[in-house]
Amino acid sequence: MAGYRHLDISEVGDVTVVRFRDHKIIEDINIHELGQELFQLVEGENRQKLLLNFSSVEFLSSAALSKLITLERKVKAHGGVLKLSNIRAEIYDVFKITKLVRVFDIKDEEADALAAY
Amino acid sequence: MSEPQWIWQCDRTIPSETAAGRQILDEVLQQLKAHHWVPHDIFSVHLAMHEALVNAIMHGNRLAADKRVHVSCRLSPELVHIEIADEGAGFSPNCVPDPTDPDRLESPNGRGVMLMKAFMSQVDYNDRGNRVVLQKRRNEQDGPLPPGNP
């Protein structure tokens, strides 16, 4: 899908599956742009079911977590559902330590997440 | 306890720019890889050092062009030691609200210090709060670590 620098977008039924082009979500400018692209999916394109597949992501910083939290809020405010999948062990530790596993619905694999909508 | 035998060290003074912080961080990670530290330890140091540099550059020095960040790194076969000091007013790390508090869980900010403490073996601030020392003791094997010791 055209127009996204940081995201690869596909659709499985009525679920929008998002994969990340940046393997390391760390630089402030990239995080800002990434956030804007994610928010556009919800606020601009009114996508109700979003699945973020983290299989290509090797690293993310607390600033990236901030964008995800804001995205979760926006998705909920628009009556949608957000799920995350394919998070590698070290990054999952970050979600566990920060207790963000209580905020996000995280599944091991994309197929598990798709089945849960 | 005997003094560590440093096999690599690096001292830099950098501007308050995240790209400059990125360079010194990459140097440290390259050294850890060259000395065969396990991926989980490298991830831990990457995360903690990144958060500490961002804190120094953006919060300590407020990105001021006239303020610098002083970074010292030491590596022994068993330990990586990183000191990061900014030229700002400092802060009290003990006064940072707990980001895992249910009332703060969905707050977008405030997790950097917590992540540093969770992923490093030791984190110490000076009294003023503008200098942090991060230490990571090497783990010999990768895979899940015992609770409380990422």
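Every chain is numbered from 1 and lettered A, B, ... according to where its sequence line falls, protein lines coming before strand lines.
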Sequence neighbours excluded and cut-off under 3.5 Å, please list the side-chain donor-acceptor pairs for residues 102-110 of chain B, or say none.
none

Check each atom of A:Glu58 against the heavy atoms of chain B and say whether the ones under 4.5 Å are side chain, backbone, both or neither.
backbone

With a 4.5 angstrom heavy-atom cut-off, could you sort out which part of A:Ser61 is near chain B: side chain, backbone, both or neither?
both

B:Arg111 side chain reached by A:Leu100 side chain, heavy atoms, under 4.5 Å:
yes

Heavy-atom proximity to chain B below 4.5 Å, by part of A:Leu60
backbone

Donor on one side chain, acceptor on other, B:Glu51 and A:Ser62, under 3.5 Å
yes

Co-membership, hydrophobic cluster, residues B:Leu79 and B:Leu75, 4.5 Å side-chain
no

Check against side-chain contact (heavy atoms from CB on, under 4.5 Å), A:Lys99 and B:Asp101:
CA-CA 9 Å; A:Lys99 298 193 179 167; B:Asp101 186 293; over 6 Å; no

Which of parallel (below 30°), tilted (30 to 60°) and perpendicular (above 60°) describes B:His50 and A:Phe59?
perpendicular

So how far is it from B:Leu115 CG to A:Asp93 CG, rounded to the nearest 0.5 Å?
11.0 Å

Co-membership, hydrophobic cluster, residues B:Val71 and B:Val123, 4.5 Å side-chain:
yes

Quick check on the hydrophobic clustering: are B:Ile24 and B:Ile57 connected, directly or via other members, by side-chain heavy-atom contacts under 4.5 Å?
yes

Please answer: with hydrophobic residues joined when any side-chain heavy atoms are less than 4.5 Å apart, are A:Leu51 and A:Val101 in the same cluster?
no

Residue set satisfying side-chain hydrogen bond (donor to acceptor under 3.5 Å, both in side chains) with B:His70, at least two apart, ordered chain then number -> B:Thr13, B:Glu87

